Enquirer: 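One structure, pasted below without further comment.
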Amino acid sequence: QVQLVQSGGGSVQAGGSLRLSCVPSVDTSSRYCMAWFRQTSEKEREGVAAIYTSIKTTYYGDSVKGRFTISHDNAKKTLYLQMNNLKPEDTGVYYCAASYSGCGRVWLKAGEYDSWGEGTLVTVSA
């Protein structure tokens, strides 16, 4: 397993921006599917975005397309999630996740990942 340390998050008004970071304990710049999930008390863990680090292919959930950007900085060995034009429905606990595999059709499935960050709360007020 990979240890994932998250930072960022917080509270913002609707329309604002936040950036989340996730630093893994190993070099994940090749052959890893790195992803962000979010969870609320009402919903199961939901896939937000993913990136296959070898070739930087990205995947997004329909609700965040055009507003969120996932990236992986190989030099800093850090995963980011830039969140713009935030909406109240984006509120939740955000988790980064890692899997030594491709992303493909399984990136939305939380069970495909074997390493998880501790979660960070994002609160968007109307």
Side-chain angles (χ1 to χ4, degrees):
Q1 283 190 343
V2 178
Q3 303 300 314
L4 301 170
V5 179
Q6 298 181 220
S7 61
S11 298
V12 67
Q13 289 188 326
S17 297
L18 287 172
R19 189 176 78 163
L20 306 181
S21 300
C22 175
V23 180
S25 59
V26 301
D27 185 357
T28 56
S29 60
S30 179
R31 301 182 181 179
Y32 272 85
C33 183
M34 303 289 293
W36 292 97
F37 283 74
R38 66 186 178 193
Q39 189 168 16
T40 66
S41 57
E42 293 83 24
K43 291 183 179 180
E44 294 183 351
R45 200 163 290 192
E46 171 192 22
V48 174
I51 185 168
Y52 183 54
T53 58
S54 293
I55 55 176
K56 301 292 193 287
T57 304
T58 57
Y59 306 80
Y60 294 95
D62 289 340
S63 63
V64 306
K65 284 179 182 177
R67 300 188 298 120
F68 290 11
T69 302
I70 189 171
S71 61
H72 186 274
D73 187 322
N74 288 0
K76 295 183 178 179
K77 301 178 183 178
T78 302
L79 178 73
Y80 299 101
L81 184 68
Q82 177 66 43
M83 304 183 291
N84 298 328
N85 190 21
L86 281 159
K87 303 177 180 181
E89 52 263 42
D90 295 317
T91 294
V93 177
Y94 283 68
Y95 298 88
C96 66
S99 175
Y100 186 64
S101 67
C103 292
R105 294 174 294 175
V106 300
W107 79 267
L108 282 168
K109 299 180 180 179
E112 295 294 321
Y113 299 85
D114 52 16
S115 299
W116 292 87
E118 72 274 25
T120 186
L121 179 62
V122 171
T123 303
V124 184
S125 57

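Both backbone and side-chain heavy atoms feed into the values below; hydrogens, waters and symmetry mates do not. In this text, all values refer to a predicted model and were calculated from it rather than measured experimentally.
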Enquirer: Please report the interatomic distance OG(Ser125) to CD(Gln13), rounded to the nearest 0.5 Å.
Expert: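 The CD atom of Gln13 is 5.0 Å from OG of Ser125, to the nearest 0.5 Å.
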Enquirer: Would you find a donor on one side and an acceptor on the other, under 3.5 Å apart, between the side chain of Gln6 and the backbone of Leu20?
Expert: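 Side chain of Gln6 to backbone of Leu20: no pair is present.
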Enquirer: Please answer whether the main-chain N or O of Tyr32 pairs with a side-chain N or O of Thr53 as donor and acceptor at a distance below 3.5 Å.
Expert: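 Here the side-chain-to-backbone pair exists.
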Enquirer: Take a 6.0 Å sphere around CD of Glu44 and say whether it holds more than 12 heavy atoms from other residues, nucleotides or ligands.
Expert: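 No, not enclosed.
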Enquirer: Once you round to the nearest 0.5 Å, how far does OG of Ser17 lie from CZ of Phe68?
Expert: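 Nearest 0.5 Å value for the OG-CZ distance: 9.5 Å.
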Enquirer: Grouping I, L, V, M, F, W and Y whenever their side-chain heavy atoms are under 4.5 Å apart, do Val64 and Val122 come out in a common cluster?
Expert: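 Yes: a chain of side-chain contacts under 4.5 Å links Val64 to Val122.
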Enquirer: Check the angle between the aromatic planes of Tyr113 and Phe37 and answer parallel, tilted or perpendicular using the 30° and 60° thresholds.
Expert: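 Perpendicular.
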Enquirer: Which heavy atom of Tyr60 sits nearest to which heavy atom of Ala49, and what is that distance?
Expert: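 For Tyr60 versus Ala49, the nearest heavy atoms are CD2-CB, 3.6 Å.
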Enquirer: Less than 4.5 Å apart, side chain to side chain, heavy atoms only: is that true for Arg67 and Asp90?
Expert: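 Yes, side chains in contact.
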Enquirer: About how many Å separate OG1 of Thr58 and NE2 of His72, when rounded to the nearest 0.5 Å?
Expert: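 His72 atom NE2 to Thr58 atom OG1 measures 13.5 Å (nearest 0.5 Å).
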Enquirer: Could you tell me whether a side-chain N or O of Thr78 sits under 3.5 Å from a main-chain N or O of Val23, the two making a donor and an acceptor?
Expert: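 Not a single qualifying donor-acceptor pair exists.
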Enquirer: Give a yes or no answer on whether the side chain of Thr120 reaches the backbone of Tyr94 with a donor-acceptor pair at less than 3.5 Å.
Expert: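 Not confirmed, Thr120 side chain does not pair with Tyr94 backbone.
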Enquirer: Report whether Leu86 and Trp36 are members of the same hydrophobic cluster (ILVMFWY, side-chain heavy atoms less than 4.5 Å apart, transitive linking).
Expert: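 Cluster IDs for Leu86 and Trp36 match.
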Enquirer: Supply the atom-to-atom distance Asn74 CG to Ser30 OG, rounded to the nearest 0.5 angstrom.
Expert: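 One finds 8.5 Å between CG of Asn74 and OG of Ser30.
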Enquirer: Look at the side-chain heavy atoms of Ile, Leu, Val, Met, Phe, Trp and Tyr, link any pair under 4.5 Å apart, and say whether Trp116 and Ile51 land in one connected group.
Expert: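 In one cluster: no.
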Enquirer: Mind checking whether Lys76 and Ser21 have side chains closer than 4.5 Å, heavy atoms only?
Expert: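 No, every pair of side-chain atoms sits at 4.5 Å or beyond.
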Enquirer: Is it true that, when you exclude Glu118 itself, more than 12 heavy atoms of the residues, nucleotides or ligands shown sit nearer than 6.0 Å to its CD?
Expert: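 Yes, CD of Glu118 has more than 12 neighbouring heavy atoms, counting only those of other groups under 6.0 Å.
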Enquirer: If Ile, Leu, Val, Met, Phe, Trp and Tyr residues are connected whenever their side-chain heavy atoms lie under 4.5 Å apart, and connections chain through other members, are Tyr95 and Val124 in the same group?
Expert: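 No: no chain of side-chain contacts under 4.5 Å links Tyr95 to Val124.
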Enquirer: To the nearest 0.5 angstrom, please state how far the OG atom of Ser29 sits from the NZ atom of Lys56.
Expert: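 Rounded to the nearest 0.5 Å, the OG-NZ separation comes out at 7.0 Å.
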Enquirer: Under the side chain to side chain contact (heavy atoms under 4.5 Å, CB included) test against Tyr80, which residue among Ser71, Cys22, Cys96 passes?
Expert: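 Answer after filtering Ser71, Cys22, Cys96: Ser71.
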Enquirer: Could you tell me whether a side-chain N or O of Glu112 sits under 3.5 Å from a main-chain N or O of Trp107, the two making a donor and an acceptor?
Expert: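 No, the answer is negative, given that no donor and acceptor are paired below the 3.5 Å cut-off.
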Enquirer: Quick one: closest heavy-atom pair of Ala126 and Ala14, and the distance?
Expert: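 So the minimum-distance heavy-atom pair works out to CA-CB, 4.3 Å.
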Enquirer: Got a second to check how far Leu4's CG is from Leu79's CG, nearest 0.5 Å?
Expert: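 It is 8.5 Å, given to the nearest 0.5 Å.
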Enquirer: Which atoms form the tightest heavy-atom contact between Gln39 and Lys43, and what is the distance?
Expert: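 Closest pair (atom of Gln39, atom of Lys43, distance): CG-O, 3.6 Å.
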Enquirer: Flag the pair Met34 / Ile70 as yes when at least one side-chain heavy-atom distance between them is below 4.5 Å, and no otherwise.
Expert: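 No, too far: nothing below the 4.5 Å cut-off.
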Enquirer: Are Val93 and Leu108 in one and the same hydrophobic cluster, where Ile, Leu, Val, Met, Phe, Trp and Tyr link if side-chain heavy atoms are under 4.5 Å apart?
Expert: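 Result: yes, single cluster for both.
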